[in-house]
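Report on the structure given below.
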Amino acid sequence: MSPLAALLSPAHLLAANGLVLPHVNYTAIMPELILLGGMLLLLGISAVSPRHLPTQVYATATAGIGIASLIASLVLWHDVQKGGPFSAVARAVDIDGFATLVLVLCSCVVILGAFFAAGFLEREQVQGVEYYALALISASGAMLMGSANDLILVFLGLEILSIPLYVMAGLDQRRAASGEAAMKYFLLGAFSSAVFVYGIALTYGATGSTNLASIGSFLAQNVVVSNGVLLGGLALLLVGFGFKVAAVPFHMWTPDVYAGSPTPAVGFMAAVAKIGAFGALLRVLFSTFPTLRTSWQPILWALAILTLLLGALVAVVQRDVKRMLAYSSINHAGFILLGVQAGTSRGAEASLYYLFVYSVLVLGTFGVVAVVGGRGDEGHGIERYRGLAHRRPLLAGSMAVLLLAQAGAPFTTGFFSKLYVIEASIAAHSYALATVAMLSAAIATFFYLRLVFAMFGERAGRQASVAVPVAPAGAGAPGGAAGQFPPVGTLPAGPAVASAAGVLTLERAAGLVDPGRAEAAAVADDDAGPVVADADLQVSPWVWVGLALCVGTTVVLGIWPSPLVDFARHATLLF
Amino acid sequence: MIHAAFLIPLFPLVGFAVLAPFGRKLGRPLAGWLATAMVAASFVVTVLVFAGLFQRPPADRSFTQHFFTWLSVDHLHVGVGVLVDPLSMTMASFITGVSALIHLYSIGYMEHDEQFPKFFVYLNLFVFSMLMLVLGDNFIVSFFGWEGVGVCSFFLISFWFDRPAAASAGKKAMIYNRIGDAGFLLAIFLVFERTGSVTYTTVFARLGQVGTPSLVAIALLFFLGAAGKSAQIPLYPWLADAMEGPTPVSALIHAATMVTAGVYLMTRINPILHLAPDAAHVVAWVGAGTALLAATIATSQDDIKKVLAYSTVSQLGFMFMAVGVGAYVAAIFLMLTHAFYKALLFLGAGSVIHAMDDEQDLKKMGALAKVMPVTAVTFLIAWLSIAGIPPFSGFWSKGDVLENAWTLTPALWAVGAAAAVLTGYYMGREYALVFLGRRRWVERRPVAAAGPAHGAVPVDADPGAGGARGTASTGSERHHGEEGLHPHDPRWVMRLPLLVLAVLAVFGGFINLPFHPSFVFLERWLDPVVGASLLNHHYSTGQQWAFALVDAAIAVTGAGSAYLLWRRRSDRPELEPRFLAMAWFIDWSFDHLIARPSTALASFTAAVVEGRVIDRAVDGTAGLVRSSGRVLRRIQNGYVRSYALGLVAGVVAIVAFVLSRAGV
């Protein structure tokens with residue numbers, strides 16, 4: 001054998017460098033494989049099909065792929081509960097309860113995301129497979145992050161998660177804002193990835209490994225006296241995660257990207273990015289760096305307080321619903337950080353539960369926003385929502401449930417999610433943080449309720465401006481279709497009147513409307529705000545299915561929370 | 001069979017869940033029939049569970065069916081489950097039974113109402129909430145039901161919310177109940193603080209570790225809640241106004257079931273009351289006072305439903321009197337019989353109102369016995385029953401209460417006896433004014449100049465889909481011939497409940513006959529729940545006969561005097577003094593001393609404090625938010641470079657922090 005041939009022979013190459021191809025346990029990465037394989041299948045179909053297939057075909061296929069990966073994830077869950085956790089693929093992937101819960105969660109997000117996207121893409125007449133392919137890739141990245149046991153794999157997952165999201169942000173080529181959002185997201189994302197990789201490098205330098213378990217046991221057995229490099233690495237890792245979950249002060253891309261991106265993509269990216277990033281963050285902090293708890297807890301404490309307060313306060317002054325929800329998602333990130341900061345298994349459990357709840361809520365909420373936005377995806381001012389309950393009771397009712405759940409109303413999952421993170425925080429003696437969280441929840445209630453009041457309080461059109469003083473005429477007769485919807489629509493006149501007046505007072509309190517000009521503003525709003533034609537508010541059956549799933553989960557699990565709580569508890573038993 | 005207990009509240013819940021979104025599609029009679037079927041199914045299950053429980057040995061007649069844990073924080077565990085025991089099953093069986101009858105009645109009564117399906121949505125939700133209240137195995141589930149029935153009561157009082165009186169009556173009920181609910185909540189907090197649990201069985205097992213002052217406080221706070229819900233002094237005025245709701249609602253919620261929830265609550269916490277006799281005596285005296293006060297007011301009311309409302313307040317007072325002296329069985333016994341005859345009275349009144357084309361003034365009725373024989377006879381039975389004429393059910397139950405009151409102190413008995421005399425009197429007055437005397441409704445109304453569209457519409461005819469909103473706003477529950485009245489008995493869906501309830505009102509007393517220990521079925525049945533705290537007394541047969549004779553004399557005095565005084569005359573100003581017609585000016589004083597000053601205070605604070613202080617503070621805050629918004633906007637300026645700068649600032653801050661802690 002000639003030296004050249006020997007050099008070119010891969011076997012020789014590997015042997016010479018001491019590299020061994022790891023044994024790949026395909027069961028362990030089955031959900032990711034299903035998503036990626038499904039994605040390839042979709043691309044293949046679209047390439048060979050002679051004409052454009054309708055978007056519903058792809059949506060159905062995507063939902064099917066999601067269900068397949070959900071089943072695979074549940075099989076893994078079953079295996080883990082029976083046979084215990086295991087590592088695979090050269091210990092780079094760790095399949096335990098925690099990882100499988102993240103897998104389940106990502107699969108659910110894929111399914112729900114497909115439903116909401118289908119309605120939107122159909123209305124906007126965006127043909128093609130790209131959105132679904134990107135969503136599948138991105139979700140597989142989040143799955144990798146949740147099950148990664150190696151910093152390199154965490155980083156890979158992060159990039160697989162992020163790059164499709166950048167593209168999805170810019171998918172609506174007709175709107176300049178969409179392209180702008182993609183560019184901003186990409187530039188800042190690249191920046192934060194660089195910081196993250198530097199963090200990995202420093203950590204490797206300090207500990208000699210990138211494997212999370214190895215680092216953990218190294219730190220448990222050795223005391224690093226000169227720990228500047230290690231701590232610096234940890235800090236930069238936290239920055240990288242902080243960017244992905246939109247923690248203040250790494251949040252600034254969020255409002256611009258959320259406002260510019262196609263609306264269903266926002267719901268998807270908010271859910272999937274938070275799942276991936278928080279999943280990896282929890283694992284890194286809890287299983288790798290528990291010994292450095294005293295160092296990372298104060299950082300997270302500060303991040304959580306800033307995130308909670310800024311998210312809630314700035315959301316109050318927004319008039320664009322998508323921007324408002326962007327700040328609300330920042331606020332939610334603060335709540336999830338609460339559970340992480342606690343540093344206990346209870347905190348991890350609460351954070352996981354919160355992630356689950358938040359994903360469902362945010363997908364559903366943006367699903368409705370996408371519908372109300374109307375053709376062109378431009379109508380996101382709050383005036384679009386005025387009187388929505390009178391025109392679209394079921395849509396407005398679903399939105400109200402989702403918003404109330406985000407605010408943490410009892411008998412919804414949102415109540416328990418907030419309750420459990422705060423409980424974990426108090427159990428960890430972070431009283432100040434828990435107090436700030438409760439205050440921020442109170443502030444946040446304001447802007448959720450403002451939207452609910454706008455939907456249920458006033459009718460759109462001219463009579464709304466006079467309906468404030470003489471309300472019974474307008475508000476007193478929800479006897480139309482609105483009268484039959486249970487949560488809010490069945491209220492007699494009193495509350496409706498109160499809410500109509502309440503909106504004005506609240507808006508005034510928030511400084512949105514100058515006290516003297518409140519009336520003028522109300523009139524101006526109605527003159528300026530286009531009365532949304534019903535024809536423009538088409539709700540496709542896909543969206544109904546998605547909404548039914550979201551609202552159903554929120555309410556049923558809010559009344560009967562044990563299954564999901566137990567699920568999260570079992571997932572974090574290892575911590 | 002007893003393990004089917006979970007089905008009892010489930011049926012009405014399913015009815016609600018189906019009717020809420022689809023009721024309008026189901027339409028007019030169908031929605032009502034579905035709701036009725038659900039409650040009837042619930043009743044059947046209740047009877048089966050009841051029978052299953054009955055077959056068990058007495059010591060084994062209590063078990064908890066745990067569904068799931070709702071909330072689990074620290075050592076607070078709130079489960080959702082039902083406590084099946086003789087008390088809860090007694091409550092559940094009469095609630096579902098009476099509810100089913102009133103649902104059926106409502107199909108006829110509400111047949112012309114525009115919001116027919118919505119009415120049954122609320123009714124089913126009400127029954128579900130009421131069942132959760134009585135079946136719940138802990139204070140939180142009961143409180144959930146407690147609030148649920150409160151909300152339904154609010155919705156149903158304000159059902160015709162385009163009438164200002166109905167809207168404000170709903171508000172009034174809500175506010176009075178808020179006061180009571182605050183007491184209930186504080187009591188739960190205190191219970192949890194002292195015993196570390198909210199589950200009935202656990203709490204009662206741990207009462208030994210609670211000091212007497214705490215027990216008195218807990219009992220009184222619970223009584224505050226009960227007083228709000230069951231309209232006791234001083235929280236009773238809302239119940240009179242609650243008569244603005246449709247009559248079936250008055251019968252179901254404001255007579256038979258919801259208002260007795262307070263009595264149920266006090267009976268449920270009998271172990272606490274037993275250990276806090278001071279609180280129990282307060283309950284007894286407040287109950288006696290309410291019984292007498294409301295009875296006096298009822299003698300001078302002109303509204304057919306207001307008389308019944310004050311009568312309900314008075315009867316609830318009797319029940320609390322019984323609870324306060326430790327006669328829990330007597331309280332439940334009176335509650336059961338009262339549910340029968342008072343629901344019957346309300347449904348009879350509803351038939352009269354229905355037949356009189358929404359007239360509620362007693363002075364404009366009269367001589368209806370000839371044209372409405374079924375209503376008249378059933379109403380007569382109810383009157384004799386509530387008056388306590390033997391052998392009707394009220395004789396046995398009220399006699400039981402009075403006998404127990406005597407055991408505590410004869411003074412309490414005297415107050416109760418006075419109220420009992422008045423009971424026979426005011427109800428006899430109502431009967432006489434409605435069914436006897438002259439036909440005052442003939443001269444009442446000149447022949448209306450009715451348009452051709454308002455010809456004599458037969459009772460069963462559908463008035464058509466349109467235009468009913470306008471009539472509803474003038475208070476008309478239905479369309480009737482305008483050219484003179486032709487009152488008559490209602491159709492069978494309304495008549496059947498009257499007859500069933502009449503039978504129960506006659507024979508209901510036989511579940512607890514005092515003559516021999518083997519006849520006191522109810523007492524033996526409830527023994528596992530209340531036996532330990534029951535007031536013990538032993539009267540010889542002779543003494544019992546004496547009690548019975550005095551009771552009968554009281555009843556005959558009241559009822560007889562009313563018959564003699566009101567049989568022919570409808571106008572006796574000397575017997576209807578203004579201060580009684582105005583309800584002792586108590587509501588008026590509440591209005592002038594509390595409601596108006598607080599409204600004035602609210603207006604003042606709105607104008608001055610809000611305008612000068614809060615607005616400035618809010619404006620200041622808003623200014624702060626806005627200026628911080630400006631600062632933030634300078635950062636959130638849309639330029640990526642600024643965002644990257646912010647990111648770097650964060651990196652620097654965090655790295656600086658960790659390096660300051662690093663050992664280098």
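Computed from a prediction, not measured in an experiment: that's the story for all the values here. Numbered from 1 within each chain, the chains take letters A, B, ... in sequence-line order.
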Where on A:Leu306 is there a heavy atom nearer than 4.5 Å to chain B: the side chain, the backbone, both, or neither?
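Neither the backbone nor the side chain of A:Leu306 comes within 4.5 Å of chain B.
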Need one label for A:Ile426: side chain, backbone, both or neither, based on atoms under 4.5 Å from any heavy atom in chain B.
neither
Distance-minimising heavy-atom pair for [X] and [Y]:
X	Y	result
A:Phe191	B:Val648	CZ-CG2, 3.3 Å
B:Gly650	A:Pro249	CA-CG, 3.8 Å
B:Val655	A:Ala235	CG2-CB, 4.2 Å
A:Tyr420	B:Ser72	CE2-O, 3.8 Å

Heavy-atom count around [X] [atom1] within 6.0 Å, excluding the residue itself: above 12?
X	atom1	value
A:Phe186	CZ	no
A:Trp301	CH2	no
B:Phe657	CZ	yes
B:Met174	CE	yes

Counting heavy-atom pairs under 4.5 Å with chain B, the top scorer among A:Val239, A:Val195, A:Leu230 is A:Val239
Results of ring pair (Phe, Tyr, Trp, His ring centres under 6.0 Å) for B:Trp70 - residues two or more places apart only
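Testing B:Trp70 for ring pair (Phe, Tyr, Trp, His ring centres under 6.0 Å), a comparison that skips the adjacent residues, returns A:Phe411, A:Phe415, A:Phe416.
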[atom1]-[atom2] distance between [X] and [Y], expressed to the nearest 0.5 angstrom:
X	Y	atom1	atom2	result
B:Leu71	A:Ser562	CG	OG	10.5 Å
A:Ile559	B:Phe144	CD1	CZ	7.0 Å
B:Ile654	A:Leu237	CD1	CG	11.0 Å
B:Leu645	A:Met252	CG	CE	7.5 Å
A:Asp256	B:Tyr643	CG	OH	3.5 Å

Are the side chains of A:Trp560 and B:Val80 in touch, meaning some heavy atoms are under 4.5 Å apart?
no
If we only count heavy atoms from C-beta on, is the A:Leu236 to B:Val651 side-chain gap below 4.5 Å?
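Yes - at least one pair of side-chain heavy atoms lies under 4.5 Å apart.
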Under 3.5 Å, is there a donor-acceptor pair between the side chain of B:Arg661 and the main chain of A:Thr294?
yes
With sequence neighbours left out, write down each residue that passes side chain to side chain donor-acceptor pair (under 3.5 Å) with B:Ser153, or none if nothing qualifies.
B:His254
Heavy-atom cut-off 4.5 Å, strictly under: side chain, backbone, both or neither for B:Ala644 against chain A?
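For B:Ala644, heavy atoms of backbone and side chain both lie under 4.5 Å from chain A.
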